[in-house]
Structure formats: structure tokens, C-alpha cells
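Labels below follow one simple rule: chain letters A, B, ... track the order of the sequence lines, proteins then strands, and each chain is numbered from 1.
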Number of protein chains: 2
Amino acid sequence: MKLSTKGRYAVTAMMDLAIHDRIGPVTLADISQCQGISLSYLEQLFAKLRKHGLVEGVRGPGGGYRLAKPADRITVANIITAVDENVDVTRCQGNEDCQQGDRCLTHELWKDLSQQLYSFLDGITLAQFANRPEVQAVARRQDREINRHHFIFSRTAA
Amino acid sequence: MKLSTKGRYAVTAMMDLAIHDRIGPVTLADISQCQGISLSYLEQLFAKLRKHGLVEGVRGPGGGYRLAKPADRITVANIITAVDENVDVTRCQGNEDCQQGDRCLTHELWKDLSQQLYSFLDGITLAQFANRPEVQAVARRQDREINRHHFIFSRTAA
DNA sequence: CTATTACCGACAGAACCACTCGGATTTTTT
DNA sequence: AAAAAATCCGAGTGGTTCTGTCGGTAATAG
């Protein structure tokens with residue numbers, strides 16, 4: 001388990017997808033502009049998310065990314081492990097005899113804590129965020145706006 | 001909230017201190033050898049832990065580090081924030097009008113998740129690890145060993 | 001006095017992060 | 001058919017963090 005800005009970017013971007021899931025795919029350009037992350041960097045993150053079956057891309061104009069599974073089946077732990085594939089285990093990989101047989105029981109304790117943390121984050125789904133009343137309200141307003149712009153201007157010109 | 005190898009090292013080292021707290025200070029050389037971390041790197045970590053009032057150093061032969069507070073008053077969150085002082089907030093620091101006023105509500109959601117994570121780790125104390133029966137058993141055996149070596153050889157020669 | 005330990009700062013290589021650039025491919029619109 | 005919008009792809013880069021080395025000073029126990 002590891003937690004860096006990379007993971008945060010991935011999680012917030014996925015929240016964005018979950019919120020606007022109903023009106024179709026969201027472009028990386030939108031997320032880039034909205035969240036202040038570079039487009040190319042987002043592309044790299046989404047390549048990993050796609051390989052892990054969390055999102056699917058839609059090419060061409062009007063395309064973008066959408067969730068590959070219902071939002072209540074995607075957990076925060078899923079997202080973080082998808083982009084931070086570095087498992088980064090203890091120094092004495094598996095072989096527990098790192099020092100006089102039993103000295104390094106702290107490694108066991110850490111593994112236990114790490115597992116607790118994973119379980120915690122695995123219990124939090126994207127749906128839990130997207131279904132909040134205040135989120136629904138804002139999302140609906142934005143969706144209308146986006147639809148209007150789809151007809152008049154291009155969407156990203158908003 | 002951030003979680004890297006640095007934080008893991010700090011937490012496992014602090015677990016070590018908590019486990020052997022009863023027999024006095026633990027030297028960094030011991031932790032270094034036991035956990036496979038370089039001595040100088042440990043020194044850097046413990047300088048931060050000391051500045052945050054989590055440990056106190058004892059100089060001279062027989063010295064080392066010991067917990068500055070009872071183990072049930074030191075949480076995992078305390079340790080991690082002590083060594084990873086990087087708070088690393090959202091891109092639009094505080095000013096919520098990062099994009100068209102309300103677009104970036106994902107930042108709010110992330111802040112909420114981050115807070116949940118902190119609370120979770122803040123609920124886990126060193127004592128919860130040190131007080132486990134299996135830990136107690138191993139620690140007692142090790143302590144005896146260390147005491148014996150204190151008289152016959154030097155402690156690190158074990 | 002000597003050995004042991006914490007303390008301190010500078011530095012250096014390696015790895016990783018965040019990002020850029022230049023393209024190629026697919027699809028919709030015109 | 002042409003143009004534009006979007007995903008895809010890989011190479012490369014500057015900066016930071018990680019990990020560790022080295023050399024030294026200060027305090028303390030025996």
C-alpha cells in the first residue's frame with residue numbers, strides 16, 4: 001500500500017467520471033483543465049486504469065472515458081493499486097528469518113497494518129461519493145451546461 | 001496524507017521501540033541491523049521523530065532511543081505526519097473557485113476521503129501492537145537475550 | 001581515557017514522479 | 001474525402017525523494 005499524488009490524481013479523476021457517468025464519456029481534456037493536471041500525465045494514468053479494467057475509452061469526437069464497471073463496484077483501493085503497482089513489501093521478502101529467526105516481527109506487524117489499511121480503502125466505493133445529494137445537485141447543473149454547449153459551441157470551450 | 005517507504009520505516013522502527021520499551025533505550029545500530037535500513041537514514045528519520053516529541057535520545061554507552069510518551073498515546077498517524085511533513089493539499093489551495101466556481105467538487109471529496117484515512121490511522125496506537133500476546137512472548141525472550149549479552153559481550157555483538 | 005552512543009551536515013547515485021513532446025489511430029462531423 | 005476530436009503510444013527530461021556514505025562533534029558510562 002502506497003499513497004502519493006499519483007494515487008490522488010487517479011482517485012479524483014475517477015470521481016469525476018463517476019459523477020458525470022450518466023451523460024456519457026468524459027474527456028481527459030476536461031479533467032485536465034478542471035483539476036490542473038497535464039493531459040499527457042492523465043493519459044499515462046488512464047492507460048493503467050484501462051489495463052486494470054476500471055475504465056474504457058471511447059475514441060473520436062464526443063468520446064472520452066467512462067467507468068468500465070458500475071460505480072458501486074469500484075473501490076478506492078482498486079484505483080490506487082492500479083496506478084501504484086509498486087507493491088513494495090518488506091525487506092526480507094517472505095523469508096522470515098531475516099535476523100536470528102524471530103527478531104523482525106515488526107515486519108509482520110507492518111504487514112498486518114498494511115492489510116488493515118487496504119481493507120479500509122477497499123470498503124469505500126466511488127458510488128458513495130457520487131450519490132451524495134450535494135454532488136448530485138452540482139453534477140446535474142453541470143451536465144445541463146455541458147449538453148447546451150454541445151449544441152452551440154464545442155464542449156471544451158466552456 | 002502520504003504513505004511511502006519512509007513512513008513505513010518510521011512506523012516499524014517505532015514498533016521496535018515500543019516492543020522493547022521496558023528494558024530501556026534501543027540503539028539505532030540494532031534497528032539498522034535488524035530491519036536492513038542504513039544507520040544514517042535512521043538518524044535522519046529519528047531527528048524528525050525527536051523534533052515532533054515522539055522519541056527521546058539517550059547518549060553514551062547503553063544509550064539509544066526510547067518513546068517520549070506512553071505507547072498508547074502514539075498513533076500511526078502521528079508517526080507518518082512526523083516524517084512525511086509534506087501536507088500536499090489540493091491544487092487550488094483553499095480558494096475553492098479553481099474552475100467556474102463549483103466544478104472542482106472532487107477536491108472536496110478527496111479532502112473528505114483524506115480526512116477519513118487520517119482518522120483511521122489516528123485510531124491505531126503503538127500499544128495495540130506491542131500488547132499482543134505473541135509479541136509479548138517474543139519480546140520477553142529477546143529482552144533476556146539482550147540483557148545477558150549486556151554482561152558478557154556488547155549488545156550489538158549478538 | 002576510551003568506547004559508545006546520539007547528534008549534525010554535506011553530498012551523491014539511483015529511482016521515481018510529474019510532465020512534455022511528437023506522433024499514430026480511430027471516429028464523428030462537415 | 002477532408003478535417004477535427006479524441007484516445008492511444010513511446011521516448012525523453014527536470015526535479016524531487018529515497019537511500020546511503022562520509023566525516024565530524026558532543027555527551028556519557030565504565
- Task: Output yes when a side-chain donor or acceptor of B:Ser114 lies under 3.5 Å from a complementary backbone atom of B:Trp110, and no otherwise.
- Result: no
When you measure from the side chain of A:Ser32 to the backbone N and O of A:Leu28, does any donor-acceptor pair fall under 3.5 Å?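 Pair absent, no side-chain N/O of A:Ser32 close to backbone of A:Leu28.
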Whole angstroms only, please: what is the [atom1]-[atom2] distance between [X] and [N]?
X	N	atom1	atom2	result
A:Ile31	D:dA6	CD1	C1'	13 Å
A:Glu56	D:dT7	CD	P	13 Å
B:Asp84	D:dT17	CG	P	10 Å
A:Leu39	D:dA5	CG	C1'	12 Å
B:Gln35	D:dG20	CD	C1'	17 Å
B:Leu42	C:dT5	CG	P	15 Å
B:Leu45	C:dC7	CG	C1'	14 Å
B:Arg59	D:dT28	CZ	C1'	9 Å

Does OP1 or OP2 of [N] have a side-chain N or O of [X] closer than 4.0 Å?
X	N	result
A:Thr27	D:dA5	no
B:Arg50	C:dC8	yes
A:Lys2	C:dC17	yes
B:Tyr41	D:dT19	yes
B:Ser4	D:dC18	yes
B:Tyr9	D:dC18	no
A:Ser38	C:dT20	yes

Margin query: If you count heavy atoms of other groups shown closer than 6.0 angstrom to NZ of A:Lys69, is the number above 12?
Written below: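 It does: A:Lys69 NZ has more than 12 such atoms within range.
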Assert: residue with more 5' nearest nucleotide on DNA chain D, out of A:Ser40 and A:Gly64, is A:Gly64
Need one value for B:Leu28: base, sugar-phosphate or nothing, where a base atom within 4.0 Å counts as base even if backbone is also close, heavy atoms only.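 Sugar-phosphate: the residue B:Leu28, judged by heavy atoms under 4.0 Å, touches backbone atoms but no base.
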Heavy atoms under 4.0 Å, any strand shown: does B:Phe46 hit a base, just sugar-phosphate, or nothing?
nothing
Legend entry - Any side-chain donor near an acceptor of the partner, B:Asp72 and B:Thr125, under 3.5 Å: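 No.
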Walking DNA chain C from its 5' end, the first of A:Pro61 and A:Glu43 to be reached, judged by nearest nucleotide, is A:Glu43
The single option from B:Ile79, B:Leu49, B:Ile74 that satisfies side-chain contact (heavy atoms from CB on, under 4.5 Å) with B:Val55 is B:Leu49
